[in-house]
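Per chain, numbering begins at 1; letters A, B, ... match sequence-line order. Values in this document were obtained by computation on a predicted structure and should not be read as measured data.
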Number of protein chains: 2
Amino acid sequence: MNKDIENEFLEKAEVFKALSHPTRLFIIDAIKDKRMSVKELSEIVEIDISTMSKHLNILKNNKIIQGEKVKNFVYYRLAIPCVLEFMTCAVKTINKK
Amino acid sequence: MNKDIENEFLEKAEVFKALSHPTRLFIIDAIKDKRMSVKELSEIVEIDISTMSKHLNILKNNKIIQGEKVKNFVYYRLAIPCVLEFMTCAVKTINKK
DNA sequence: TTACAAGTTGGCAAAATTACCAAATACTTT
DNA sequence: AAAGTATTTGGTAATTTTGCCAACTTGTAA
């Protein structure tokens, strides 16, 4: 693959990849209004807390969310509100199917 | 994983997954103004034409692009212009890093 | 009809992703 | 200090994605 093209689009692709999992899209929807802890999120989605922690880490590494430690909880919130607009476009796409 | 949550977010995640590869983001950028054939795209990106065909198929299955056969060429163009706005948000995210 | 070019599909191996468990860390509370 | 709760990290197996080659299909042109 051409290196210039790869350099230009790889970082952007990483952001989309971070959003390409149902659990991570749920997270974004869930914390858009109020911050939530890892345990709260894992219990709602019904997955292992370690799995949830890793999903949150993927979003955090891409600066899509950010965490804040309070006591021994970590509360996460949206760092990039524009991701919500992504959703609107995704839904338009789905409605075409 | 909770089934209601999975049902609500799986389809949307598929759209993001379709966009989560540098070659596929390049395609979207390349055909945003003018339609292009599989061979043209594969030569620019420098990958096998069969690989390019598969990438195009992933985008087509998600209704992000659409193809039109002319002679023995297939020209692809954008079907959902709003994906370009996704890019703008992705870049904002990248600039934070 | 024969040869050629564009595109698609199937198969396979390498790489990446995902989810669980177990163990480690961080912080509280008794 | 000891026990308990929340979170993170390492390891591993199952699944998915990716890219090439080879073979096949479709349509063109000699």
Side-chain angles (χ1 to χ4, degrees), chain A residues 1-3 5-6 9-28 30-31 34-62 64-77, chain B residues 1-3 5-6 9-28 30-31 34-62 64-77:
Chain A
M1 181 178 182
N2 179 288
K3 280 297 169 194
I5 293 176
E6 183 164 16
F9 293 100
L10 191 57
E11 277 188 310
K12 293 172 191 168
E14 287 301 315
V15 178
F16 287 104
K17 191 182 292 182
L19 295 167
S20 69
H21 191 286
T23 296
R24 297 197 289 268
L25 289 185
F26 164 81
I27 292 168
I28 287 167
I31 68 175
K34 63 175 189 307
R35 63 188 196 173
M36 294 181 77
S37 73
V38 186
K39 188 165 200 296
E40 281 179 296
L41 289 165
S42 75
E43 285 173 350
I44 296 172
V45 182
E46 294 169 22
I47 58 173
D48 196 274
I49 193 171
S50 72
T51 303
M52 179 56 77
S53 178
K54 283 174 183 173
H55 281 303
L56 289 162
N57 196 246
I58 289 169
L59 292 171
K60 193 178 71 174
N61 286 341
N62 282 280
I64 296 166
I65 65 174
Q66 65 187 67
E68 176 190 3
K69 186 143 194 169
V70 179
K71 294 192 175 185
N72 54 346
F73 295 82
V74 179
Y75 292 102
Y76 284 94
R77 66 179 182 79
Chain B
M1 180 177 183
N2 179 288
K3 279 297 172 195
I5 292 177
E6 185 165 13
F9 293 100
L10 191 57
E11 276 188 311
K12 293 172 191 169
E14 287 301 317
V15 179
F16 287 104
K17 192 182 293 183
L19 297 167
S20 69
H21 191 285
T23 296
R24 298 197 289 268
L25 288 187
F26 165 80
I27 291 167
I28 288 167
I31 68 175
K34 63 173 189 306
R35 63 188 198 174
M36 294 181 77
S37 73
V38 186
K39 187 163 201 294
E40 282 179 295
L41 290 165
S42 73
E43 286 174 350
I44 296 172
V45 182
E46 296 168 21
I47 58 173
D48 196 275
I49 191 170
S50 72
T51 303
M52 180 55 77
S53 179
K54 283 175 184 173
H55 281 303
L56 289 162
N57 197 246
I58 289 169
L59 291 172
K60 194 178 72 174
N61 286 341
N62 282 279
I64 296 166
I65 65 174
Q66 67 186 65
E68 178 192 0
K69 186 143 194 171
V70 179
K71 296 194 175 184
N72 55 346
F73 295 81
V74 180
Y75 291 102
Y76 286 94
R77 65 178 183 80

Interatomic distance, A:I27 CD1 vs D:dT7 C1' [rounded to whole Å]: 14 Å
Side-chain donor/acceptor of B:R24 to backbone N/O of B:K17, under 3.5 Å: yes
Under 4.0 Å, heavy atoms only, any strand: does A:Y76 hit a base, just the sugar-phosphate, or nothing? sugar-phosphate
Name the first nucleotide and the last nucleotide along DNA chain C (5' to 3') that come under 4.0 Å of a heavy atom in chain A. C:dT17 to C:dT29
In whole angstroms, how far is the P atom of D:dT16 from the CD1 atom of B:I58? 14 Å
Compare all side-chain heavy atoms of A:Y75 with those of A:E40 and state whether any distance is below 4.5 angstrom. yes
Produce the list of close N/O pairs, under 3.5 Å, pairing protein atoms with atoms of nucleotides 21-30 of chain D; give distances to one decimal.
| unit_1 | atom_1 | unit_2 | atom_2 | d |
| --- | --- | --- | --- | --- |
| D:dC21 | N4 | B:S50 | OG | 2.9 |

Please state how far atom NE2 in B:H21 lies from atom P in D:dT17, giving the value in whole angstrom units. 12 Å
So, for B:A13 and A:L25, which heavy atoms are closest and what is the spacing to 0.1 Å? N-CD1, 3.4 Å
Counting only side-chain N and O atoms of B:H55, is one of them less than 4.0 Å from OP1 or OP2 of D:dT17? no
Can you tell if the side chain of B:F26 reaches within under 4.5 Å of the side chain of B:I44, non-hydrogen atoms only? yes
Say whether, by atom type as modelled, one donor and one acceptor occur between the side chain of A:N62 and the main chain of A:I64 under 3.5 angstrom. no
Check the distance between D:dT16's C1' and B:N61's CG and give it to me in whole angstrom. 16 Å
Given side chains that start at C-beta, do those of A:H55 and A:I47 come closer than 4.5 Å, heavy atoms only? yes
Answer yes or no: is there a side-chain heavy-atom contact under 4.5 Å between A:L56 and A:L41? yes
Grab the CD1-P distance between A:I49 and D:dT8 for me, whole Å please. 8 Å
Separation of atom NZ in A:K39 from atom P in D:dT8, rounded to whole Å: 14 Å
4.5 Å side-chain heavy-atom contact, A:M52 and A:I27: yes
Inter-axis angle, terminal five-pair segments of the helix from C:dT1-D:dA30 to C:dT30-D:dA1 [nearest 10°]: 20°
Quick one, B:V70 and B:R35 - any side-chain contact, counting heavy atoms below 4.5 Å? yes
Mind calculating the distance between CG (A:L56) and C1' (D:dT9) to the nearest angstrom? 14 Å
If you apply the rule side chain to side chain contact (heavy atoms under 4.5 Å, CB included), what do you find for B:I28 with B:L19, and how did you get there? CA-CA 9 Å; B:I28 288 167; B:L19 297 167; 3.1 Å; yes
Could you state the atom-to-atom distance from CD1 of A:I47 to C1' of D:dT7 in whole Å? 14 Å
Does any part of the side chain of A:Y76, heavy atoms only, come nearer than 4.5 Å to the side chain of A:K60, both counted from C-beta? yes
